[in-house]
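Some notes on the structure that comes next.
Each chain gets a letter, A, B and so on, in the order its sequence line appears, and its residues count up from 1.
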Number of protein chains: 2
Amino acid sequence: MSTEENILLAARKVFLQKGFMSARMQEIADEAGINKALLHYYFRTKEKLFEQIFSDAFQLIKQSFTGSLLNSLTFSEFLRAFVHAYLHLLDQMPYLPQFILQELNRDSSRIITLFEQQKVPMSAIKKLIATEVENGEIIAIKPEHLIVNIISLIVFPFVARPIIKTFIFNQNIEDYSRFNEGRGEEIVQFILRAIRIPKNMI
Amino acid sequence: MSTEENILLAARKVFLQKGFMSARMQEIADEAGINKALLHYYFRTKEKLFEQIFSDAFQLIKQSFTGSLLNSLTFSEFLRAFVHAYLHLLDQMPYLPQFILQELNRDSSRIITLFEQQKVPMSAIKKLIATEVENGEIIAIKPEHLIVNIISLIVFPFVARPIIKTFIFNQNIEDYSRFNEGRGEEIVQFILRAIRIPKNMI
DNA sequence: GTCTATATTAGGATAGAC
DNA sequence: GTCTATCCTAATATAGAC
């Protein structure tokens, strides 16, 4: 593995856990098994190194959207694919959401650049939902609310992990990991129930 | 207004927006219209000043739980009261959730202290849900999932505000604020639909 | 390319006058 | 209690040898 890849791997680990402000160049150097000066040799500044990590991280999230949309004809197909793709990603990178949200709140100008670079297929998803509402497949709901609801149910538990672990599960690790295992289907079913047309209306 | 209150007000504003690491004592002093030395005279260290702000902030959240539980006999009463109480609080303090979550992720040991000091009535809420499930008032759902779902739907949009504003509303402020106005009832109805017993099962 | 040693600066904290 | 001036340390960044 090249030194540059090595640094990027170490930087990703440290930045994701600590965020830009709390991350230390020294810690990244240690993690990569090199020294500080070499970090600067490869990436000049902390800011530039961070930039790389941040946009890579956001791209991973974007791929959950595009990938799930690709092979889905109906909304429920998309929903199931998306929930599981996203949860699979977060399983491997649990710090990802907090990292992204923290940095976007810290530097609000970054969101503009991000929006221009990373085209998330939001309007396609909106259209998919709107069509199913028109066809009477699902209840009348504004696509924006439904999209926000889906993402909230998936992502929030990762951002609030310490609180949930402590205040809801009293630090009981087993209960908590059981909760996580069932979470994907729970979300899918919860949403499907919330948007289905009541049977006795026919 | 006393100098001490003045400082606390300024500190709250700066800490909530910036978080501990990005907050600057200088900025707090400016905001309070005094100088840095006086901050240290009143609160010795940045850490101690922060401590005060943080526990006050968490207490506000706790009160949304306890307050809503107080006068609710059924789950749907609690749900409606809680959603609106919490949203009312976040309307006034939109940075509150990101602040709390960021700090709990930064310093994981803090959660222990917090748990011992601030008794959130979680078991009472769990019991309320479990009872309604037993009585066949709502569908079979694990209380932990339902509680997490409720909080996710309320809180996440505030944490992800920049992303939602940009990627879902294309920076259109009017669309975004219309979304926020309808959000409370949307959440309540979404959850009630997801947990109701289907009519044709009777 | 990689290291050691050093410069620079930002920012929290303190001393001491009033 | 409030200020100005100063200290001190941590952390980013660079110079220069190998």
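- In this structure a side-chain-to-backbone donor-acceptor pair under 3.5 Å is missing from B:Gln189 to B:Glu185.
- In this structure, the CZ atom of B:Phe43 is 12 Å from the P atom of D:dG1, given to the nearest Å.
- The distance from atom CZ of A:Phe50 to atom P of D:dA13 is 14 Å, rounded to the nearest whole Å.
- Judged by the 6.0 Å and 45° rule, B:Lys46 forms a cation-pi pair with B:Phe20.
- Note on residues 147-163 of chain B: no pairs pass salt bridge (Lys or Arg N to Asp or Glu O under 4.0 Å), not counting sequence neighbours.
- Relative to the ring axis of B:Phe115, B:Lys119 places its NZ or CZ within 45° and under 6.0 Å from the centre.
- One interatomic measurement links the two molecules: CG of B:Leu38 to C1' of D:dT2, which rounds to 6 Å at whole-angstrom precision.
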Checklist entry - Once each nucleotide of nucleotides 4-17 of chain C is scored for protein heavy atoms under 4.0 Å, what B/S/- sequence comes out, 5' to 3'? => result B------SBBBB--
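- Among B:Lys18, B:Lys36, B:Lys13, the one residue that satisfies the salt bridge (charged side-chain N to carboxylate O under 4.0 Å, His left out) test with B:Glu27 is B:Lys18.
- Taking B:Gln102 as the reference, A:Gln98, A:Gln102, B:Gln98 meet the side-chain contact (heavy atoms from CB on, under 4.5 Å) condition, with sequence neighbours excluded.
- D:dA11 atom P lies 15 Å from atom CG of A:Leu39, rounded to whole Å.
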